[in-house]
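Let me begin by presenting the structure, written as structure tokens, before commenting on it.
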Protein chains: 2
Amino acid sequence: MDMSPFQIPPFQNASDVFFKALQEHAHSQKYKKGKILFVHEDRANFFYVIQTGWVKLFRETIDGTQSIVDILPAGHLFGETALFTQNLSPYSAEVIEPGIIISIPLKILKKEVESNNKLALDMLASMTRYRHQQDREIEHRTIQNAPQRIGCFLLRLTDQNKSGPAIIHLPYDKTLVAARLGMQPETFSRALAKLKEKTGIRIKGATVELNNLDQLSQYSCAACSSEFPCKDLQAAK
Amino acid sequence: MDMSPFQIPPFQNASDVFFKALQEHAHSQKYKKGKILFVHEDRANFFYVIQTGWVKLFRETIDGTQSIVDILPAGHLFGETALFTQNLSPYSAEVIEPGIIISIPLKILKKEVESNNKLALDMLASMTRYRHQQDREIEHRTIQNAPQRIGCFLLRLTDQNKSGPAIIHLPYDKTLVAARLGMQPETFSRALAKLKEKTGIRIKGATVELNNLDQLSQYSCAACSSEFPCKDLQAAK
DNA sequence: TCTTCTAATTGACTTTGGTCAAGGAGGAAT
DNA sequence: ATTCCTCCTTGACCAAAGTCAATTAGAAGA
């Protein structure tokens with residue numbers, strides 16, 4: 001099995017024993033769009049690493065209203081927090097862009113994290129990053145309006161240090177981007193039009209073109225406590 | 001120095017060396033309402049434990065708009081994530097209800113967490129709890145309306161397993177509760193009135209009386225993906 | 001007790017986003 | 001090409017929350 005996906009945080013410092021266990025017990029599989037990997041409050045025996053594709057983490061109320069916990073690209077892992085919650089899944093997970101996902105028994109991770117303090121520290125660092133990301137998310141929901149949130153979302157999809165024109169592709173359906181940003185599809189559609197009018201971006205389907213990031217960042221980052229460019233994106237690399 | 005505040009998560013498993021270092025370097029002090037402990041993006045050399053009182057963690061934009069990261073009661077620690085962010089404070093901290101706060105050099109914690117795997121695991125568990133709390137926060141901001149959010153807030157202040165009448169005291173100013181819940185003071189005021197009308201609670205200043213939790217939980221928890229009573233509150237104890 | 005200041009409420013109005021319903025655009029399969 | 005289906009957009013309307021301004025209630029101090 002290809003081990004390259006494990007060159008990602010937080011597994012740089014995992015032991016050979018861990019990687020050997022992976023070779024034996026990790027299971028890599030291709031999934032179609034729409035595949036539900038597990039549901040909220042299921043017993044969790046695995047955690048997952050996304051090799052390609054996108055995964056949506058979400059929960060829903062009795063009446064079916066969904067709330068998106070996160071939408072993750074390749075290179076991310078999820079479900080690992082079940083280690084610390086009596087093996088109960090804190091959310092449901094669905095594949096939204098087809099891809100290959102590796103499932104790994106939590107037991108392996110548990111053993112490793114209990115014996116390898118380096119890994120534990122790396123996980124702490126990665127949890128900290130996630131925590132701050134959520135802090136920012138909550139902040140943006142309260143102080144940014146819909147067009148600003150979209151602008152911020154776009155800016156975070158591109159290399160913020162490049163100057164000059166840029167082309168940004170939406171990584172998944174607009175409906176989902178809307179949900180990810182906590183708004184209705186109709187609102188998203190109208191807000192995108194407003195963003196276009198305010199910042200001069202050009203939109204064609206799932207593609208957004210802009211002459212430079214300045215107009216966009218000025219418009220969106222005015223309602224953010226951090227400066228542009230976003231420091232956390234640098235740190236992630 | 002009284003060590004009782006350190007019988008809290010995540011320090012149950014810290015070493016004697018750690019506690020000895022605390023005795024030497026931890027500093028306990030009484031602060032007035034309004035005292036700023038540190039500012040967003042300051043260099044962080046300490047983390048803090050609240051012995052009594054309440055602390056607000058927040059950030060603000062250039063134009064002064066504040067967003068509340070969290071409001072913490074006695075028994076909680078904060079500022080510890082700076083360990084993993086090049087010692088930069090991820091938020092500002094202000095005392096909002098006077099009390100005693102212990103400041104501890106991050107170095108001590110760093111040393112301990114790097115050498116004591118048990119502590120690292122406990123911190124991971126506590127980070128996980130926090131992460132899920134934030135997940136819930138984001139969820140509530142999107143699917144609960146203002147009166148429901150207040151109801152949920154109240155329910156989380158009281159023992160959810162007791163039946164019969166209950167009295168709940170707001171732990172800090174209404175203006176702050178409003179900010180904590182991501183709404184304007186005016187909205188809070190009106191939403192509280194609506195909650196009263198819908199659930200029959202009785203409000204007198206900062207005191208809320210109710211005959212039982214049923215009406216309130218039915219009203220608020222309808223727009224939540226978790227069941228009443230809230231499991232995470234149990235787990236925290 | 002009286003004054004002063006801040007917190008909280010209330011009213012009138014505006015803005016934003018949500019809801020419901022109807023089309024339209026684009027891709028995949030036939 | 002044609003059909004079908006899903007995603008997206010648009011319009012008309014509504015509901016929720018924000019804003020601005022005026023008042024009131026309550027707590028702290030003189």
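Letters A, B, ... are given to chains in the order of the sequence lines, protein chains preceding strands, and every chain is numbered from 1. Just so it is clear, the values below take in all heavy atoms, side chains as well, and ignore hydrogens, waters and symmetry mates. This one's a predicted model, so the numbers in the text were calculated from it and none came from an experiment.
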What pairs with Thr207(B) under side-chain contact (heavy atoms from CB on, under 4.5 Å), at least two apart in sequence or on another chain? Ile167(B), His169(B)
What string of B, S and - do you get for nucleotides 9-19 of chain C, 5' to 3', if B is base contact, S is sugar-phosphate-only contact and - is no contact with any protein heavy atom under 4.0 Å? SBBB----SBB
Tell me whether Arg131(B) forms a cation-pi arrangement with Tyr130(A), defined as NZ or CZ under 6.0 Å from the six-membered ring centre and within 45 degrees of its axis. yes
Cut-off 3.5 Å, no hydrogens considered: what does the side-chain donor-acceptor table look like for residues 29-36 of chain B, sequence neighbours left out?
residue, atom, partner, partner atom, Å
Gln29(B), OE1, His27(B), NE2, 3.1
Lys33(B), NZ, Asp173(B), OD2, 3.3

With sequence neighbours left out, the residues meeting side-chain contact (heavy atoms from CB on, under 4.5 Å) with Ser189(B) are none
Note down the inter-axis angle between the two ends of the helix from dT1(C)-dA30(D) to dT30(C)-dA1(D), five pairs each, to the nearest 10°. 40°
side-chain hydrogen bond (donor to acceptor under 3.5 Å, both in side chains) pairs touching residues 142-158 of chain A, sequence neighbours excluded, are His140(A)-Gln144(A), Arg156(A)-Asp232(A)
Salt bridge (charged side-chain N to carboxylate O under 4.0 Å, His left out) filter on Arg190(B), not counting sequence neighbours, yields none
When you list every nucleotide of DNA chain D with an atom under 4.0 Å from a heavy atom of chain A, which one comes first 5' to 3', and which comes last? dC7(D) to dA12(D)
For residues 186-212 of chain B, the ring pair (Phe, Tyr, Trp, His ring centres under 6.0 Å) pairs (sequence neighbours left out) are none
Rounded distance (Å) that lies between atom C1' of dA25(C) and atom NZ of Lys204(A): 11 Å
Could you list all the salt bridge (charged side-chain N to carboxylate O under 4.0 Å, His left out) pairs where at least one residue sits in residues 53-70 of chain A, not counting sequence neighbours? Lys56(A)-Glu94(A), Arg59(A)-Glu139(B)
Output all residues satisfying ring-ring contact (aromatic ring centres under 6.0 Å, His included) with Phe78(B), sequence neighbours left out; order by chain, then residue number. Tyr48(B)
Looking at residues at least two apart in the chain, or sitting in another chain, which of them share a ring-ring contact (aromatic ring centres under 6.0 Å, His included) with Tyr172(B)? Trp54(B)
